[in-house]
Amino acid sequence: MSSIDDDRRAILKLHRDWWHANEQWDIPLMTTCFPVGPNYLMFNFNWHPYFGIDEKIQLWEYYKASGLQLEPLDVRIMKFEVIGDLAYIANEFEIRTKMPEGAHGHIDEVQALPPPGETFTDRGRATEVYKRDDGEGRPIWKMWHFHCSPLPPVDTIRPGFNDTAQSRGGLGWNPWGKPLSLVDSGRD
């Protein structure tokens with residue numbers, strides 16, 4: 001087994017753990033994915049930045065307390081590269097969320113969400129940046145940056161091309177081959 005294979009396996013485990021942690025607001029599992037201290041930077045789906053693991057934990061405690069429930073996620077890797085001590089994964093995802101009956105706080109501050117008790121589906125894309133450094137200088141792969149944003153509706157025409165996500169093959173389609181799916185709810 002080559003070193004690059006070991007690196008890919010370690011990074012894909014972090015990727016999978018990160019997305020599975022999202023499904024249950026599993027804070028202990030989530031924290032294993034990131035460097036310690038203030039090193040981590042996230043551009044969240046809610047449009048706001050979060051700095052370091054302490055802010056990330058506080059954000060997740062906020063959403064967990066809201067009662068927001070996530071169904072199993074469908075995440076499709078479009079591009080994955082390891083270059084020395086840095087790596088990145090680019091993916092598209094689909095997430096089904098159930099709004100709690102007694103929603104509180106500002107969980108709908110930037111997105112139009114359905115009434116409490118109803119489930120909705122959202123689609124997005126993410127870039128995950130990994131570095132072989134645990135935040136204390138040890139050569140352990142961790143995710144140092146995460147950036148996600150919404151995807152257009154599946155039937156929206158792509159400017160300059162006259163195609164849609166649906167006509168190109170759906171979630172995760174890319175010109176390099178079939179998307180890798182390690183976190184898959186079984187939906188297409």
Side-chain angles (χ1 to χ4, degrees), residues 4 7-9 11-23 25 30 33-34 40-51 56 59-60 63 68-84 86-99 106-115 118-131 141-188:
I4 193 74
D7 291 341
R8 288 179 64 84
R9 190 171 23 266
I11 293 163
L12 289 173
K13 180 183 183 324
L14 287 170
H15 165 80
R16 189 173 32 256
D17 287 352
W18 158 240
W19 287 99
H20 282 305
N22 273 271
E23 294 173 353
W25 303 114
M30 178 270 291
C33 300
F34 304 102
Y40 173 68
L41 171 61
M42 173 186 224
F43 296 140
N44 193 279
F45 202 58
N46 70 15
W47 301 357
H48 297 284
Y50 294 90
F51 307 93
K56 180 78 169 181
L59 171 68
W60 276 36
Y63 282 131
L68 193 68
Q69 297 173 353
L70 305 180
E71 293 184 2
L73 301 165
D74 188 354
V75 182
R76 311 280 175 101
I77 296 174
M78 302 166 74
K79 190 88 166 162
F80 175 25
E81 290 200 52
V82 179
I83 305 132
L86 292 174
Y88 73 91
I89 290 177
N91 60 65
E92 292 182 343
F93 61 89
E94 185 174 282
I95 185 170
R96 290 181 47 84
T97 307
K98 182 174 183 182
M99 292 300 296
H106 295 284
I107 60 177
D108 62 349
E109 69 268 12
V110 296
Q111 297 158 333
L113 301 179
E118 291 189 21
T119 301
F120 70 102
T121 301
D122 217 344
R123 296 165 26 93
R125 62 182 139 231
T127 303
E128 304 163 15
V129 178
Y130 296 86
K131 184 176 175 183
W141 285 104
K142 296 292 179 178
M143 186 188 305
W144 281 66
H145 178 63
F146 180 81
H147 183 177
C148 65
S149 58
L151 282 173
V154 297
D155 57 353
T156 300
I157 299 290
R158 183 169 58 139
F161 289 90
N162 200 31
D163 64 1
T164 67
Q166 194 168 34
S167 72
R168 286 191 308 275
L171 196 64
W173 181 90
N174 65 80
W176 307 292
K178 185 176 178 181
L180 178 60
S181 182
L182 299 174
V183 184
D184 186 352
S185 70
R187 294 187 302 271
D188 268 334

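Note that the numbering runs from 1 along the sequence shown for the chain.
- At distances below 3.5 Å, at least one donor-acceptor pair connects side-chain atoms of Asn174 with backbone N or O atoms of Gly172.
- Rounding to the nearest 0.5 Å gives a distance of 7.5 Å between CG of Asn91 and OG1 of Thr127.
- Taking the six-membered ring where the residue is Trp, the centroids of His145 and Tyr88 are separated by 6.0 Å or more.
- Here the OH-NZ distance, from Tyr40 to Lys131, works out to 15.0 Å after rounding to the nearest 0.5 Å.
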Next item on the list: Go through Leu41 and Phe51 one step at a time and tell me if the side chain to side chain contact (heavy atoms under 4.5 Å, CB included) criterion holds.
Entry: CA-CA 5 Å; Leu41 171 61; Phe51 307 93; 3.5 Å; yes

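- With sequence neighbours left out, Arg123 forms a salt bridge (charged side-chain N to carboxylate O under 4.0 Å, His left out) with no residue at all.
- Counting only residues at least two apart or in different chains, salt bridge (Lys or Arg N to Asp or Glu O under 4.0 Å) contacts with residues 159-175 comprise Arg158-Asp163, Asp163-Arg168.
- Leu70 has its side chain within reach of Trp25: a pair of non-hydrogen atoms, C-beta onward, lies under 4.5 Å apart.
- Distance check, rounded to the nearest 0.5 Å: CG of Leu180 to CE of Met78 gives 12.5 Å.
- Rounding to the nearest 0.5 Å gives a distance of 5.5 Å between NZ of Lys98 and OG1 of Thr119.
- Taking CG of Asn44 as the reference point, atom SG of Cys148 lies at 5.5 Å (rounded to 0.5 Å).
- Applying the ring-ring contact (aromatic ring centres under 6.0 Å, His included) test between Phe34 and each of Trp60, Trp144, Trp18 identifies Trp18 as the sole match.
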